[in-house]
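Below is one structure, written out as structure tokens; the observations come after it.
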Amino acid sequence: MWIADGWKDYEVIDCSKGEKLERWGDYLLVRPDPQVIWDTPKKEYGWKHMNGHYHRSKKGGGEWEFFDLPQQWQIHYKNLTFNLKPFSFKHTGLFPEQATNWDWFSEKIKAAKAQGREVKVLNLFAYTGGATLAAAAAGAKVTHVDASKGMVAWAKENAVSSGLKDAPIRWLVDDCVKFVEREIRRGNHYDAIIMDPPSYGRGPKGEIWKIEDSIHSFIKLCTNVLSDDPLFFLVNSYTTGLAPAVLTYMLSTELKAWNGTVESQEIGLPVTKTGLVLPCGASGRWETK
């Protein structure tokens, strides 16, 4: 398992009965987590003194209950700054477990830059820009694509807060599949691709995305915009049915034309109280040899 253990401003303090107790900077949040199927005593201080609690509804969805929580605040990861705010379906605008991937590809970008190479990165389903900012801070030119205008605006705010306002980032509100199809026609290429596809989603014009039906064909499509000497290809999945081995199989199959290696694992966050690791999805990494 790849573990995001480099955080100072974030931690999973404890988890029990379908919920996790987290510290986001100075604030404590309790949020649901379907992986937490165990029932251990909730003795930690924060369980009764949280600043925000997301209650899941039995009918689906849910709602936030706030106790002395600002509308927006910031946390930091190394040289990056993220603006947080609780919004729909339990989210805060950041997936801290992805820091393990940021560290991995940042080192690859820095090493390529040290050899005098320019690195162009395509970040698809790019959300609020965690991977975009990490890649840009490492020295890459980044194309950031997400179907949500609000998420792209949020990502731009994070770039400004991280001192990356003038970094070479292209911000695009677009359907990811259609964007890649146009890039193929335009003959544009990238040295690295990052994708964080949702289990289910809709594009700006109502285009439907269902990961089990679409992910393999989309990975195959994206190989058409890879450069002749690609650096890496990262695929993230939060869909239970897509095991790490499935990600390895797809990446190995579709990137066999390039000389590289594939490894896929669960990603996770350390839990302070128990010293154990909470699983938070899976990632597949292809990298050049």
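Only heavy atoms go into these numbers, but all of them, side chains included; no hydrogens, no water, no symmetry mates.
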Hey, quick one: are Leu226 and Val262 part of the same hydrophobic cluster, counting side-chain heavy atoms closer than 4.5 Å, chains of contacts allowed? yes

Extract all donor-acceptor atom pairs below 3.5 Å that involve side chains of residues 243-252 and protein atoms in other chains or at least two apart in sequence.
from	atom 1	to	atom 2	distance (Å)
Thr248	OG1	Pro244	O	3.4
Thr248	OG1	Ser264	OG	2.7
Ser252	OG	Thr248	O	2.7

How does the hydrophobic cluster around Ile267 look, that is, which other residues are in it when side-chain heavy atoms under 4.5 Å mark a link? Trp2, Phe87, Phe95, Tyr127, Met151, Trp154, Tyr238

Output side-chain donor-acceptor pairs under 3.5 Å for residues 107-115, partner residues at least two apart or in another chain, one line each.
from	atom 1	to	atom 2	distance (Å)
Lys108	NZ	Glu287	OE1	2.8
Lys113	NZ	Gly139	O	3.4

Using a 3.5 Å distance criterion without hydrogens, assess whether the side chain of Tyr27 forms a donor-acceptor pair with backbone atoms of Leu69. no

Intermediate values then yes/no, side-chain hydrogen bond (donor to acceptor under 3.5 Å, both in side chains), Thr272 and Glu11: CA-CA 7 Å; Thr272 304; Glu11 65 176 316; 2.5 Å; yes

Pairwise side-chain contact, Pro96 with Trp7, heavy-atom cut-off 4.5 Å (strictly under): yes

Could you check whether Phe82 and Tyr10 have their ring centres less than 6.0 Å apart? no

How far does CD1 of Ile193 sit from OG1 of Thr223, to the nearest 0.5 angstrom? 8.0 Å

So, do Thr92 and Leu29 sit near enough that their side-chain heavy atoms are less than 4.5 Å apart? yes

Residues forming a salt bridge (Lys or Arg N to Asp or Glu O under 4.0 Å) with Lys273, sequence neighbours excluded: Glu44

Considering residues at least two apart in sequence or located in another chain, which fulfil the side-chain hydrogen bond (donor to acceptor under 3.5 Å, both in side chains) criterion with Glu63? none

Find out whether Asn188 and Thr143 are in side-chain contact, i.e. whether some heavy atom of one side chain is under 4.5 Å from a heavy atom of the other. no

Stepwise, does the side-chain contact (heavy atoms from CB on, under 4.5 Å) test hold for Thr274 with Thr40? CA-CA 11 Å; Thr274 61; Thr40 50; over 6 Å; no

Residue set satisfying side-chain hydrogen bond (donor to acceptor under 3.5 Å, both in side chains) with Trp24, at least two apart, ordered chain then number -> Glu22

Could you check whether any side-chain heavy atom of Tyr190 comes within less than 4.5 Å of a side-chain heavy atom of Glu183, counting everything from C-beta outward? yes

Sequence neighbours excluded, the answer for side chain to side chain contact (heavy atoms under 4.5 Å, CB included) partners of Lys17 is Asp39, Lys42

Mind checking what makes ring pair (Phe, Tyr, Trp, His ring centres under 6.0 Å) contact with Phe232, not counting sequence neighbours? Trp104, Phe105

Compare every heavy atom of Asn51 with every heavy atom of Asp26, then report the nearest pair and how far apart it is. O-OD1, 4.3 Å

Determine whether Leu124 and Cys222 make a side-chain contact, defined as any pair of heavy atoms from C-beta on separated by less than 4.5 Å. yes

For Asp33, check salt bridge (Lys or Arg N to Asp or Glu O under 4.0 Å) against everything at least two apart and list the hits. Lys20

Do Arg31 and Trp64 have side chains that approach each other closer than 4.5 Å (heavy atoms only, starting at C-beta)? yes

Is Phe66 linked to Leu84 within one hydrophobic cluster, defined over Ile, Leu, Val, Met, Phe, Trp and Tyr using a side-chain heavy-atom separation of less than 4.5 Å? yes

Atom NZ of residue position Lys220 - does it have more than 12 heavy atoms of other residues, nucleotides or ligands inside 6.0 Å? no

If the condition is salt bridge (Lys or Arg N to Asp or Glu O under 4.0 Å), which residues does Arg185 pass it with, not counting sequence neighbours? none

Does the side chain of Arg56 come within less than 4.5 Å of Glu19's, by heavy atoms? no

Strictly by salt bridge (Lys or Arg N to Asp or Glu O under 4.0 Å), give each pair with a member in residues 114-124 just once, sequence neighbours left out. Arg117-Asp191, Arg117-Asp229, Glu118-Lys141

State the NE2-CG distance between His49 and Leu28, to the nearest 0.5 angstrom. 10.0 Å

SB check Lys43 Asp14 (cutoff 4.0 Å): no

Would you mind listing the cluster partners of Ile3? Hydrophobic ones only (ILVMFWY), side-chain contacts under 4.5 Å, chaining allowed. Met1, Val277

Would a distance-only check, ignoring hydrogens and angles, find a side-chain to backbone donor-acceptor pair under 3.5 Å from Ser162 to Leu80? no

Do Phe179 and Leu122 touch side chain to side chain, with heavy atoms closer than 4.5 Å? yes

